[in-house]
Every structure is written in C-alpha cells, then in structure tokens.
Amino acid sequence: MSDLVQLTAKDFKSDQEVRWCPGCGDYAILNVVQSFMPELGIPRERIVFVSGIGCAARFPYYMNTYGMHSIHGRAPAIATGLAVSRPDLSVWVVTGDGDALSIGGNHLIHALRRNVNLKILLFNNRIYGLTKGQYSPTSELGKVTKSTPMGSLDYPFNPLSVAIGAEASFVARAIDTDKKGLAAVLEAAARHRGSAFVEILQNCNIYNDGAFDGVREDKANRIYLEQGEPIRFGVEGERGVIQHEDGSAQVVDVAAVGEERLLVHDPAHREPSLAFALSRITLETDGALPLGVFRAVERAAYDELMGAQLDAAVAQHGEGDLAALLHSGDTWTVGAAG
Amino acid sequence: MRYTSFMSSSKPVEQIDRVVIRFAGDSGDGMQLTGDRFTSETAVFGNDLVTLPDFPAEIRAPAGSLPGVSGFQVHFADHDILTPGDQPNVLVAMNPAALKVNLADLPKGATIIVNTDAFNERNLQKAGYESNPLEDGSLSDYHVHAVALSSMTIEALKEVEGVTSREAERSKNFFALGLMSWLYHRPTEGTLAFIERKFARRPEIVEANTRAFKAGWNYGETSEDFAVSYEIAPAKLRPGTYRQISGNTALSYGLVAASRLSGLPLFLGAYPITPASSILEELAALKHFGVRTFQAEDEIAASGAALGASFGGALGVTTSAGPGVVLKSETVGLAVALELPLVVIDVQRAGPSTGMPTKPEQADLLMVLFGRNSESPVPVLAAATPADCFQMAIEAARIAITYRTPVFLLSDAYLANGSEPWRIPDVADLPAIPVEFATGDGDGFLPYARDPETLARPWAIPGTPGLEHRIGGLEKEHETGNVSYDPENHDLMVHLRAQKVAGIADDIPELQVDDPDGADTLVLGWGSTYGAIAAAARRVRASGRKVAVAHLRYLNPFPRNTGEVVHAYEKVLVPEMNLGQLRMLLRAEFLVDARGYNKVRGRPFRAAELEAAITELVDS
C-alpha cells in the first residue's frame with residue numbers, strides 16, 4: 001500500500017442523489033459511515049456494501065465503493081458467497097429490522113454462527129418504512145399500525161438477543177445520531193475478523209417517530225459499555241448494572257447496592273451468557289439501554305477455515321490434475337484395431 | 001487385451017449379443033453395490049452398457065417390505081446400445097418382495113435367480129404372498145434357479161475368524177455377484193481388488209466377501225442347476241480410453257473442467273436434495289482443484305451465495321432438484337437484472353411438491369423458462385445422456401460467463417444415477433472459455449454498456465481500482481446502470497435482455513437431424529429420453545419404415561434451424577416425461593402441429609412403447 005492515497009469522507013460519496021425522507025435517521029448513519037471509512041485505510045475498491053430490500057437497503061447506492069442492492073432478506077447469503085470466495089475484501093451488509101429478522105432471519109443467524117467475515121449493520125426502526133407503515137418483527141406487542149389496527153399480536157425479537165443466541169463473535173449497538181458512539185462501534189466492527197453484528201437504533205420520523213426517544217433524546221439513559229469497567233451510567237454515574245446469581249442483569253441505584261457489586265463488563269468472555277443478560281436490559285424493562293460492544297471474541301472466520309481446507313487438500317493430493325481426475329476409477333482402452 | 005477370471009469354466013458356453021439383468025433386494029441387501037460392481041466388471045470387459053439404478057427414497061424401509069425393494073438394472077451388449085433395456089432377461093431376487101415388485105416387468109421365459117432362504121413364511125407374508133411362488137407353480141413361465149444364497153454363504157464363511165453367522169449372511173450379495181460373474185464370464189480381478197480396497201480396515205470382512213464371491217462363482221461352475229454360461233463379446237467402440245460415468249459425476253467433472261478452462265475458481269452453493277446431492281459431495285472432495293463448496297442453510301442461500309461469488313469473479317454454481325429450484329427463482333431473477341454469470345443445475349425428479357424424489361421426470365422445463373416474475377429470459381440447456389452431462393456443464397458455464405447471464409442446465413434422476421461408458425476426452429482438446437474482467441481508470445466507466453456482439457455488459461469485479469459501481473435489482477439505466485424509472489428506458493432494457501439471450505442462438509450448434517431415408521415423420525426429443533427415442537427409431541427403421549430423429553440440447557434459445565427442421569416434416573412427434581411442455585413451446589414458437597407422446601410414471605420410457613407410438617404415427 002505504498003501508493004495509498006489518503007481518502008476523505010467525500011471520496012466515499014457516490015454521485016447518486018440521496019433519497020430518504022427528510023429527517024430520516026439513515027442520513028446520520030450514512031454520514032458517520034462515510035466519515036469513518038477513510039480511517040480504515042482500506043482502498044475503496046476493496047470495500048463492498050451488500051443490502052437486501054427496504055429503506056436501509058438503498059444504502060449501497062450512496063457509497064462510492066462496490067455495492068449490490070439485492071433481494072429482500074438475502075443479503076447475508078449473497079455476501080457470504082462473496083466474502084468466502086474473496087477474503088481480500090471488506091464486505092458490509094446493510095439491513096433493516098424486517099429484512100434481517102423477518103424474511104431474512106434464517107440467513108442472518110447462519111451467517112453469524114459460521115462467523116463469515118461480514119460486517120452486518122442492522123438499522124432498527126421497529127417499523128416497515130418502504131411499504132409505508134406496517135409493524136415489524138421488532139415492533140412492540142400491541143403496536144397499532146395499518147396492518148394491526150387492533151394492535152400487534154407478535155412478541156418482538158430483541159435483535160441483540162438473537163445475534164448472541166446465534167453465538168455471533170461480535171455484537172454491538174449504537175444510536176444513529178450518536179456520532180462518536182456509532183463511529184467507535186463501527187470501527188471496532190471493521191477491525192473484527194469474522195461476523196460483526198451492529199444494531200443501529202434508527203428513527204423513522206414518518207412512520208414510527210420517537211421510537212427510541214427514551215435513549216436517543218435522553219442521554220442519561222445510555223449505558224455505554226466499556227471493557228474491563230464496572231457498568232455505571234447516568235448524569236452522575238448514579239445508576240449501574242448488577243448481575244444476579246441466576247445470571248440475569250438489572251439496572252440499580254449504585255448507592256443502594258454499593259459500587260463493588262457492579263458488573264464489570266467483559267465482552268471477551270468465553271460464554272455468551274453475560275452479553276445475553278445485558279441484551280435483556282431495555283428501556284421497557286429497566287428504563288435504560290446498553291450501548292457499545294456487548295461481545296467480541298476471537299474465533300476463526302469461515303473464509304479462513306475454508307481456505308485452510310483448500311490448502312490442506314493441495315498439500316495432501318497436490319494441485320488438482322484434470323486429466324487424472326477424468327481418468328480416475330476403472331478405465332479401459334479400446335485399440336484402433338477394434 | 002484379454003481379461004480372465006480367476007478360474008476358467010469347463011461348461012458349455014453360449015454366445016449372445018446382449019442381456020438385461022436386474023438385481024433386486026431389500027434396501028439393506030447391498031443391491032446398488034452389487035450392480036455397481038457387476039457394471040464395473042462389464043465396463044472393463046469392454047461391453048457397451050447402460051444402467052438404471054432404481055431405489056426407494058426411504059433409507060431403510062421395513063425389511064422385507066415391498067416399498068423397501070431396491071433395484072439395479074444393467075443392459076450390456078457386444079454392440080452400441082442406448083437404453084437400460086425395457087425388460088430384464090434375468091432377475092436376481094434376494095427376497096419375496098423383490099420378486100413380487102419386479103415380476104411384472106419380466107417377459108415370459110426370463111430367468112429368475114432367487115434366494116430360497118429368504119422365502120420363509122414371514123417374508124412371504126410381508127410381500128403379500130398367500131402361497132410360496134417357488135412352490136405353487138405361478139412361476140412356470142420362467143426359468144427359475146432356486147439358490148440357497150444365504151445358507152451357502154454362511155457355510156462358505158464358517159471358518160472365517162471374527163465373522164458371526166449374522167455378519168456372514170450379509171456377504172450373500174457377493175455370493176450372488178460371484179454367481180452372476182460366472183454366468184456371464186465377467187472378469188473378476190477388479191472386484192477382488194475392490195473388496196481389498198473398500199474393506200481394508202476390516203481384514204475379516206475382506207476375507208468374508210472374497211470367499212463369498214468365489215463361492216458364488218464356484219457354485220455356478222459345479223451346480224447342475226446351471227448347465228451353460230454365456231459370453232457377450234466386447235463391443236466395437238471408438239478407439240480411446242474409456243470409463244463408466246454417471247450423470248452427476250459427469251456434471252461435477254464438467255464444472256471442474258469449466259473452472260479450469262475459464263481460469264475462474266469454482267464456487268458451489270448447494271443444499272442437500274435428492275437426486276442432486278452427490279454433485280455437492282463429489283465437488284466437496286475436489287478442494288485441491290480450488291473448488292469451494294458451501295452447504296447453505298437453505299436453497300435460497302445456496303443460490304444467493306453462488307451469485308455473490310460470481311459478483312466477486314468466481315464461477316458461481318448452484319445445484320438442486322425441482323423442489324429446491326422453485327426457491328431459487330428470486331436469485332435467478334436478480335442474476336437476470338444484475339447480468340452476472342450463474343449456473344443453475346436442476347436434476348429433475350417427479351413432482352409436484354415432494355413427489356417421488358428418486359424418480360425421473362421432465363416436467364421442470366416450463367418452470368425454469370417462465371417461473372419468475374416479469375420478463376426474465378434465461379438460457380436453458382439439457383443433457384441427453386449421463387456422459388453428455390460433462391459437455392453440457394461446460395457449455396452452461398461458457399454461456400453464463402460469455403453472456404453474463406444465469407443459465408439453467410436440466411438433468412434428471414435417471415441421468416444422475418444411470419451410467420454408461422464414456423470415452424474420456426483429451427484435456428488439451430477442450431476449448432478454452434475466455435474471460436475478460438473489466439479494467440480501466442474508471443473515467444467514463446459504464447457498468448451497463450454492452451459488447452456489440454454478445455450484448456454482455458462488463459464484468460467489473462470488486463478489487464478493481466477505479467471501477468467502483470453499484471448494481472441491484474432495481475431497473476437500470478441503459479449504459480450507466482443507475483436506478484431508472486424511465487418508461488422508455490425500461491422498455492429498452494427489457495428488449496436488450498431478451499435480445500441478449502435470443503442472440504445466443506448464433507453461438508450454439510444447429511439442430512442435427514438423423515434422417516437416413518428421407519422420412520416424413522420427425523421424432524423430436526430433449527433430455528434423458530435420447531436413448532429410448534434413438535433405440536425406438538432403430539427398431540422402426542428395422543421394420544422397413546422411415547423416421548427422422550432429432551434431439552434438443554438447447555431449449556432456450558432453440559438452435560437457429562429448429563423452425564426449419566420441424567417444418568420440413570409432415571408429422572412431428574415429441575415424446576416427453578411430462579404433459580407436453582416442449583410440444584407447447586414448439587407449437588407457440590413455430591406454429592407446428594406437433595403431437596406428443598406423454599407418460600409421467602417416474603421411470604424412463606421403454607424403447608418398445610416409443611416404437612409403437614412412432615410406428616402408429618408413421619403408418620397414419
């Protein structure tokens with residue numbers, strides 16, 4: 001990379017007019033992504049954005065990298081083929097709550113369990129935007145929308161719980177308008193070899209405005225997770241998180257329980273149960289929401305394992321010889337004399 | 001070259017020109033292995049041959065039951081043959097159920113070799129026999145050899161250490177194989193070597209199977225029940241080196257060859273499904289050819305991953321059968337819009353829905369042509385014989401790569417598992433598949449500009465500096481590839497995509513017609529019916545009638561002379577294992593009054609039924 005040119009955010013903007021609704025949280029995310037990309041030091045041509053269908057899925061059109069706007073829910077599958085056959089690329093999947101957790105739920109969990117080298121950004125706005133306002137798999141129970149006039153009957157998915165349940169090796173959460181927090185999480189995701197799953201809370205100001213106001217607007221309810229630090233938050237750090245003997249985590253007054261009882265964050269913990277417990281802390285249950293990296297463990301990425309098998313096969317059998325393959329098994333020769 | 005058995009026979013030998021043998025038994029009796037071995041011996045001996053394995057979808061249906069019967073038919077001859085044979089001349093029945101299931105297929109006078117030990121009351125009852133057919137005279141029209149296969153095998157193995165009598169009984173298929181090898185003068189070295197190799201880790205099993213095999217051979221030689229043995233001289237095949245090959249193996253090798261010829265790494269996305277799974281298994285064992293196989297979470301992901309790999313510059317392939325291919329429709333549609341190479345192999349089986357998983361059918365043709373939303377043109381190819389799968393896999397890849405398009409290649413359950421001798425091509429004679437990735441500094445790069453000849457767009461793979469671009473399922477603007485909702489542009493793009501596929505007609509061979517006598521009736525087929533149609537035509541001609549035969553390997557676009565060919569004949573007959581799908585296309589495209597012969601039984605056509613259908617039309 002001796003001739004590496006220092007890129008800027010502008011280099012990552014495509015010539016296409018951005019067409020999200022004015023005020024959409026997607027703009028903020030796009031800006032942060034375009035701004036932090038140069039810091040990765042990866043040449044533009046080696047970056048690929050793959051998306052499915054939905055508002056978020058328009059994202060690749062606005063990035064001046066390689067990109068594919070594919071099929072509803074299938075981006076992780078398509079990106080898997082690309083990432084597995086091209087370990088030299090930095091492959092990003094941009095998806096939404098419907099795309100990733102409804103129609104594409106199967107592909108998401110399998111990409112995560114395989115630890116395919118993908119950065120998966122799930123823009124969660126808890127609503128279907130592109131189809132104009134039906135409930136999504138993350139909409140709260142009882143949600144009244146055009147398709148649920150009497151309230152949704154579907155118990156919602158917690159995206160992080162799903163990802164951790166699938167044993168993703170990297171799981172994080174950020175807020176669309178929280179530039180610093182989002183950039184930090186994205187950078188950590190980018191540097192993680194393997195599947196990195198990032199839920200980005202994104203406000204849909206048209207169909208589900210204010211869905212995350214409790215943490216998006218009220219910064220005191222943000223629980224920033226820091227590796228090796230006791231988990232505490234609030235204006236004065238007066239609230240914190242403890243873990244009960246049954247494994248569950250809970251928000252408490254630090255003064256009431258004592259600092260020493262606070263849970264110390266360990267995203268590298270071998271077991272995913274700690275991260276899972278943290279994912280269960282929500283605005284609804286605890287009036288606060290953890291942000292940052294929940295889990296980051298090292299595990300061989302899928303493309304590395306596959307590449308190693310290819311190398312081992314060559315070491316064992318030698319480079320494939322087509323003529324020998326065609327002649328494998330019992331052969332017989334018919335002479336010219338007949 | 002002379003092949004010898006380990007002993008030579010002292011009994012009278014009769015020369016015959018061909019025979020059809022069917023091995024049948026319980027699915028646990030090892031009939032597929034027995035048939036396979038017998039076929040290998042026959043191939044090495046130099047006969048022409050065609051096989052038809054026929055097994056239940058159930059892995060182990062209840063022992064002794066009718067649904068649990070597994071069969072393997074092999075037809076071999078001293079001349080070139082085209083089908084696995086309509087009716088077996090010899091049936092080896094390992095139990096009453098195998099006899100019951102297969103008896104109706106036998107012509108009167110056929111030979112039946114039964115394992116009498118299995119004809120006990122319990123098995124007879126399971127097979128639904130009220131009395132023992134070996135004793136009640138119901139088999140009087142056949143030559144029955146009653147052989148105590150199980151007990152003689154156990155007897156032969158009683159001195160083998162470490163083998164229980166229960167295990168010994170399981171070697172009875174090798175006894176049967178030995179007996180059949182004696183009866184038809186098959187070379188035996190190959191099977192003995194195979195036993196050594198296959199059971200290398202269990203020397204006592206090697207010993208048991210070897211003894212059983214030899215005991216079967218010796219039984220034929222010494223038993224008075226078998227008065228003569230038969231010789232079938234080697235066939236006069238074209239000079240060259242041969243092997244036997246099944247359709248799925250030929251597809252796998254063809255894909256590897258296409259990877260080599262194009263210089264593109266092969267990526268296979270697949271989900272296990274009968275009868276396509278063995279392609280995934282074959283290719284998974286060829287990692288030293290740089291082959292990446294990905295067993296996906298479902299059929300959708302399998303095709304999606306293949307398309308993603310193609311985007312990255314690999315030869316992306318996905319393999320399945322009809323119930324899986326339906327799930328790939330959206331990926332194929334995306335590949336049509338993205339204009340990227342993708343090879344989709346459909347090993348057809350009987351449907352609808354799950355249908356009959358192990359049985360062949362040709363009823364996916366209209367699905368692969370039209371089973372997508374909107375105007376979504378895709379080239380469609382079909383292999384005609386097991387060995388032809390090799391060539392057609394290369395063709396499918398060549399067209400996909402050259403024209404940046406998804407391509408369907410149709411096979412079926414009969415081609416997949418059936419085998420025939422294959423004259424192994426010289427690798428140096430295989431044509432290269434040129435690939436040009438786009439390069440440039442990016443100034444004025446137009447991802448949807450087109451090659452004037454092929455109408456293919458540039459293949460600019462990630463990693464190429466300066467050519468960063470975005471593609472997707474939304475309609476593209478001509479040349480720029482930008483998202484466009486312009487009505488005229490959409491009309492243009494719909495036409496361009498159609499023209500691109502239609503133009504492939506100029507890049508494929510013309511339809512060859514076999515018409516030595518100047519007939520007024522044409523039989524036009526496609527896919528695995530090739531052998532049965534050709535065999536039927538021979539018989540019709542032998543009866544003094546005239547008939548022309550042609551076989552389509554390209555179904556979209558049709559070869560450029562197809563219209564000319566069908567209009568050159570007064571009568572056109574289209575035999576298909578469906579309700580007339582090609583016939584519908586021919587009628588629509590060429591306004592020809594094509595007639596169908598349509599049977600959808602989940603088994604290949606018999607030459608005799610096609611002979612009757614052709615004769616009737618010729619005489620009409």
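These numbers come from the heavy atoms of this one structure, side chains and all, not from hydrogens, waters or symmetry mates. Proteins get letters first, then strands, A, B, ... in listed order; numbering begins at 1 in each.
Only the side chain of B:Arg260 comes within less than 4.5 Å of a heavy atom of chain A; its backbone N, CA, C and O stay farther away. Heavy atoms of B:Leu338 lying under 4.5 Å from chain A belong exclusively to its side chain. Using a 4.5 Å cut-off between heavy atoms, A:Gln309 touches chain B through backbone and side chain atoms alike. Heavy atoms closer than 4.5 Å to chain B are found in the side chain of A:Met306, but not in its backbone. With a threshold of 4.5 angstrom between heavy atoms, A:Ser328 approaches chain B through its backbone and through its side chain.
Salt-bridge formation is not detected for the pair B:Arg404/B:Glu339: no Lys NZ or Arg NE/NH1/NH2 atom is positioned less than 4.0 Å from an Asp or Glu carboxylate oxygen. Taking 4.0 Å as the cut-off between side-chain N and carboxylate O, A:Arg193 and A:Glu304 count as a salt-bridged pair.
A side-chain donor from one of A:Gln16 and B:Asn482 sits under 3.5 Å from a side-chain acceptor of the other. Looking at B:Glu41 and B:Thr191, their side chains do bring a donor and an acceptor atom within 3.5 Å of each other. Looking only at atom types and distance, the side chain of B:Ser252 has no donor-acceptor partner in the side chain of B:Thr249 under 3.5 Å away. B:Glu468 and A:Asn64 form no side-chain donor-acceptor contact under 3.5 Å, judged by distance and modelled atom types alone. Side chains of A:Thr331 and B:Thr241: no donor on one and acceptor on the other come within 3.5 Å. A donor atom on one side chain and an acceptor atom on the other are not found under 3.5 Å apart for B:Thr318 and B:Ser303.
Checked by atom type and distance alone, the side chain of B:Ser374 never pairs as donor or acceptor with a backbone atom of B:Ser376 at under 3.5 Å.
When each of B:Val427, B:Thr293, B:Thr464 is checked for heavy-atom pairs under 4.5 Å with chain A, B:Thr464 comes out on top. Residue with the most contacts toward chain A among B:Ala43, B:Ala306, B:Gly312: B:Ala43 (heavy-atom pairs, distance under 4.5 Å). Between chain A and the residues B:Ile300, B:Val256, B:Leu307, the most heavy-atom pairs under 4.5 angstrom are made by B:Ile300. For the options B:Gly473, B:Gly472, B:Gly463, heavy-atom pairs under 4.5 Å to chain A are most numerous at B:Gly463. With chain A as partner, the option from B:Arg238, B:Gln244, B:Lys287, B:Arg243 having the largest number of non-hydrogen pairs under 4.5 angstrom is B:Arg243.
Of all residues in residues 69-77 of chain A, those placing a non-hydrogen atom less than 4.5 angstrom from a non-hydrogen atom of chain B are A:His69, A:Ser70, A:Ile71, A:Arg74, A:Ala77. Residues from residues 86-107 of chain A that place a non-hydrogen atom less than 4.5 Å from a non-hydrogen atom of chain B comprise A:Arg86, A:Leu89, A:Asn106, A:His107, given in numerical order. Scanning residues 111-119 of chain A against chain B with a 4.5 Å heavy-atom cutoff picks out A:Arg114, ordered by number.
Annotation: cation-pi geometry satisfied between B:Arg457 and B:Tyr448 (NZ/CZ under 6.0 angstrom from ring centroid, within 45° of ring axis). Judged by a 6.0 Å distance limit and a 45° cone about the ring axis, B:Arg470 is not positioned over the six-membered ring of A:Tyr66.
Applying the salt bridge (Lys or Arg N to Asp or Glu O under 4.0 Å) test to A:Asp321 and every residue at least two apart in sequence or in another chain returns nothing.
Relative ring orientation between A:His317 and B:His288 is described as tilted, the plane-to-plane angle lying within the 30° to 60° band. Ring planes of A:Phe59 and A:Trp20: tilted class, angle from 30 to 60°.
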Original post:
Run the ring pair (Phe, Tyr, Trp, His ring centres under 6.0 Å) check on B:Trp422 and B:Tyr242 step by step: do they pass?
Top reply: CA-CA 5 Å; B:Trp422 178 45; B:Tyr242 285 78; 9.6 Å; no

**OP:** Evaluate ring pair (Phe, Tyr, Trp, His ring centres under 6.0 Å) for B:Phe38 paired with B:Phe76, printing each intermediate quantity in order.
**Re:** CA-CA 11 Å; B:Phe38 191 85; B:Phe76 59 102; 5.7 Å; yes

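A heavy-atom distance below 4.5 Å is not found between the side chains of A:Met37 and A:Leu7.
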